[in-house]
Amino acid sequence: MPAVQETIDQVRLIDVDQYKYGFETTIEMEKAPKGLSEDIIRFISAKKNEPEWMLAWRLEAYQRWLTLEEPTWARVDYPKIDFNDLYYYAAPKNQSGPMSIDDVDPEILKTYEKLGIPLREQEILAGVKTSKIAVDAVFDSVSVVTTFKEELKKAGVIFMSISEAIREYPELVKKYLGTVVPTTDNFYATLNSAVFTDGSFVFVPKGVRCPMELSTYFRINEKNTGQFERTLIIAEEGAYVSYLEGCTAPQRDENQLHAAVVELVALDDAEIKYSTVQNWYPGDKEGKGGIYNFVTKRGDCRGKNSKISWTQVETGSAITWKYPSCILRGDGSRGEFYSIAVSNGHQQIDSGTKMIHLGKNTSSRIISKGIAAGVSQNTYRGQVSTHRKAENARNFTQCDSLLIGDRCGAHTVPYIEARNASAQFEHEATTSKISEDQLFYCLQRGIPEEAAIALIVNGFVKEVIQELPMEFAVEAQKLISISLEGSVG
Amino acid sequence: MLEIRNLHARIAEDGTEIIRGLNLTVNDGEVAAIMGPNGSGKSTLSYILAGREEYEVTEGDILYNGESILELDPAERATKGIFLAFQYPVEIPGVATMQFLKVAMNEQRKARGEDELSTPDFMRRVKEAAAGLQISPEMLRRPLNVGFSGGEKKRAEILQMALLEPKLCVLDETDSGLDIDALKIVADGVNALRSPDRSVVVITHYQRLLDYIVPDTVHVLYKGQVIKSGDKTLAHELEANGYADIIEAAA
């Protein structure tokens with residue numbers, strides 16, 4: 001694994017407590033008035049030039065949301081959010097939707113350059129080394145650029161911002177939106193349904209294998225602004241797509257909210273591979289600032305023998321509340337969840353998955369690796385259930401936690417419900433500490449402490465890293481080591 | 001090579017004194033055996049030489065090539081050429097043995113201001129050293145020490161020793177848990193590394209290992225002190241008569 005050496009070099013180069021993506025882009029923004037009301041929702045809908053049905057859908061969700069209470073069951077602790085003290089829409093002036101790259105504000109282009117996200121197709125094509133990746137770049141409430149749209153279209157793949165898709169493919173959107181995560185699902189999903197601004201839409205038609213990796217890069221830039229991402233991915237019969245999302249935000253003293261909804265639909269024999277590298281600003285050493293990441297992600301294996309796999313590397317955010325799940329509806333369908341959740345400093349993570357077995361002969365696999373350092377709290381919460389008609393459901397769950405230091409906590413909360421006697425569920429869980437013995441052993445071989453921790457942690461997460469697309473595996477390894485900077489001593 | 005002068009050391013946590021005025025000199029190229037009954041401080045001595053923080057030196061000094069190493073951390077000592085073959089090698093899950101070797105070798109080279117090894121050069125060195133110790137490529141791909149048999153663990157220790165080319169090798173009970181065939185392989189590996197500018201301290205409970213790694217000097221450790229030194233015949237004497245006579249004579 002060549003990445004290990006890079007990881008170690010990276011660790012050495014960077015001082016304690018460095019979030020590299022914490023810079024701010026100064027450009028003129030257009031915002032909705034502060035607060036949340038029907039008028040604000042109408043404002044957003046108008047900005048997006050939405051059809052009437054979409055506005056009605058949002059307003060209904062808003063009415064519902066007004067009746068809901070914020071959930072408190074997660075093992076996270078934060079002051080109550082004042083939902084009327086936020087901006088729900090912020091977009092660069094003169095850009096309410098994606099445009100040709102030559103028309104995009106150069107400051108925005110510079111931002112993505114700094115973040116290492118390629119937005120110019122010819123530059124990507126010029127780089128022989130990396131394989132082609134299409135990018136949808138979402139800046140606060142708006143998608144600014146989507147690359148390779150034309151080339152993908154030739155293959156029959158639709159890849160565009162969800163705002164565009166609502167206008168250009170209303171029937172497709174109507175058919176699938178809210179069918180996996182209904183507007184009534186939970187507090188944050190309902191809020192998202194009312195106020196979502198942008199995200200990606202992917203449609204891979206029957207029999208098509210998407211010719212390149214798709215990715216969306218979410219950037220929160222504006223102060224006091226919530227980002228409400230909405231992503232919808234559909235793979236028709238026999239289709240395949242691999243999709244990756246990345247997230248960063250500036251370093252600020254105030255907390256910011258990111259409440260996303262992601263829906264995946266896989267029809268017969270289709271496969272969707274969804275990877276996340278989440279690196280929102282985690283807050284400072286004292287726990288000040290950082291993103292509240294309250295996310296509902298769910299995949300529906302609607303067709304027989306369909307497959308959905310979630311892979312996540314979670315290193316950022318002050319608070320993470322996130323359970324990417326699979327509904328295994330089709331007979332013979334398969335769900336997978338591979339997760340690395342790293343918490344350091346004052347971060348709090350409550351994350352895991354749900355595998356709902358409804359069809360016959362369905363199987364699921366959960367590999368979760370939690371790493372806690374500093375004074376952080378890291379909880380795995382997962383549910384595996386079978387419907388009484390789901391014959392021969394199988395699940396394998398492995399939850400491993402690694403503690404660095406003695407002031408952090410790791411918790412595992414599995415919920416297992418088998419309503420059919422033929423179900424076979426296996427659950428393994430371990431909690432370990434990087435032991436003094438392991439560290440001393442590495443030191444004795446001349447490996448300095450930071451490098452030794454990077455090595456041991458890389459070993460711990462290896463099974464999950466292997467699941468990431470190659471291009472991102474190296475990046476993810478670096479990120480994990482950086483997140484654990486300053487966690488010893 | 002090594003000079004230990006009136007060394008006193010205790011467990012940092014509870015203050016229990018383990019080493020009580022130990023003196024020992026090991027010359028360049030010498031193989032010195034340290035023997036003693038359980039609890040005499042043998043393993044503690046190996047940890048103190050390697051710089052483990054759990055032990056606190058309260059008096060005396062350890063000179064390595066004429067310089068005190070007490071202020072150096074374990075990684076610095078390793079980089080200067082002190083190697084400890086562990087009695088109980090530690091498992092590093094998910095880290096292939098090969099990968100561990102590469103990181104260790106390159107970290108030491110970096111600390112000494114040398115260039116990193118090229119991959120072909122690294123592979124060649126590992127292949128050569130592994131062959132002599134009957135270590136298969138398959139074993140090198142497995143995570144370090146995870147699921148290794150007793151013999152595999154000890155062979156992996158000697159492999160690291162061969163590749164890191166230390167000046168002072170400390171073997172802590174390297175014979176424990178080995179059958180006779182494995183013992184021979186390990187001893188051959190150690191003997192192959194004997195050279196005029198490399199010294200070896202062999203810590204062992206039994207004479208058996210010393211039939212294969214023949215020492216130049218033998219030292220008996222008891223209650224944290226060297227109570228008797230001699231040549232290899234001392235080991236045979238201990239084997240025949242046990243420690244009781246020597247302990248009595250020293251008392």
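In what follows, chains carry the letters A, B, and so on, assigned in the order in which the sequence lines appear, proteins first and then strands, with residues in each chain numbered from 1.
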With a 4.5 angstrom heavy-atom cut-off, which part of B:L164 approaches chain A: side chain, backbone, both or neither?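 The side chain, not the backbone.
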Under 4.5 Å heavy-atom distance to chain A, tell me which part of B:A50 shows up: side chain, backbone, both or neither.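 Answer is both: backbone and side chain atoms of B:A50 are under 4.5 Å from chain A.
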Just checking heavy atoms, which of residues 120-153 of chain B are less than 4.5 Å from chain A?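 Under the 4.5 Å heavy-atom cut-off, B:L144, B:N145 qualify.
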Give me the contact list for residues 166-174 of chain B versus chain A, heavy atoms only, anything under 4.5 Å, ordered by residue number.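 At a heavy-atom separation under 4.5 Å, chain A is reached by no residue of residues 166-174 of chain B.
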Quick test of your reading: applying salt bridge (Lys or Arg N to Asp or Glu O under 4.0 Å), list the pairs with at least one residue in residues 61-80 of chain B, sequence neighbours left out, ordered by first then second residue.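 Sorted pair list comes back empty.
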When you measure from the side chain of A:S368 to the backbone N and O of A:D400, does any donor-acceptor pair fall under 3.5 Å?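 Here the side-chain-to-backbone pair does not exist.
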For the pair [X] and [Y], find out whether any cationic side-chain nitrogen is under 4.0 Å from an anionic carboxylate oxygen.
| X | Y | result |
| --- | --- | --- |
| A:K307 | A:E336 | yes |
| A:R365 | A:E426 | no |
| B:E116 | B:K110 | yes |

B:E13 atom CD, neighbour heavy-atom count above 12 within 6.0 Å: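 It does not: B:E13 CD has 12 such atoms or fewer within range.
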If you draw a 6.0 Å radius around CD in B:E53, do more than 12 non-hydrogen atoms from other residues or ligands fall strictly inside?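 Incorrect, the count does not exceed 12.
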Where does A:E463 contact chain B at under 4.5 Å (heavy atoms): side chain, backbone, both or neither?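 For A:E463, there is no contact with chain B at all, as no heavy atom is under 4.5 Å.
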Could you look at A:Y441 and say if it's the side chain, the backbone, both or neither that has a heavy atom under 4.5 Å from chain B?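 For A:Y441, backbone and side chain are both near chain B.
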Parallel, tilted or perpendicular, as decided by the 30° and 60° cut-offs, for the rings of B:Y47 and A:F440: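 Plane angle over 60°, so perpendicular.
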Cation-pi check for A:F396 against A:R394: NZ or CZ below 6.0 Å from the six-membered ring centre and within 45 degrees of the axis, yes or no?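 A:R394 over A:F396 ring: no.
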Option in [options] with maximal non-hydrogen atom pairs under 4.5 Å from chain A:
| options | value |
| --- | --- |
| B:Q160, B:M98, B:E54, B:M105 | B:Q160 |
| B:A96, B:G51, B:P93 | B:P93 |
| B:T79, B:L84, B:I82 | B:L84 |

Just checking, is any N or O donor in the side chain of A:N395 or A:T397 under 3.5 Å from an acceptor N or O on the other one?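 On atom types as modelled, these side chains qualify, holding a pair under 3.5 Å.
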Side chains of A:K322 and A:Q312: donor-acceptor distance under 3.5 Å anywhere?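 Side chains of A:K322 and A:Q312: pair found under 3.5 Å.
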With side chain to side chain contact (heavy atoms under 4.5 Å, CB included) as the criterion, how do B:I185 and B:I158 come out once you've worked through the C-alpha distance, each side chain's angles and the decisive distance to 0.1 Å? CA-CA 10 Å; B:I185 296 169; B:I158 305 304; over 6 Å; no
In a table with atom names and distances, give each donor-acceptor pair under 3.5 Å that connects a side chain of residues 407-416 of chain A to protein atoms at least two apart or in another chain.
{"unit_1": "A:H411", "atom_1": "NE2", "unit_2": "A:R75", "atom_2": "NE", "d": "3.1"}
{"unit_1": "A:H411", "atom_1": "NE2", "unit_2": "A:Q377", "atom_2": "OE1", "d": "2.6"}
{"unit_1": "A:Y415", "atom_1": "OH", "unit_2": "A:R381", "atom_2": "NH1", "d": "3.0"}

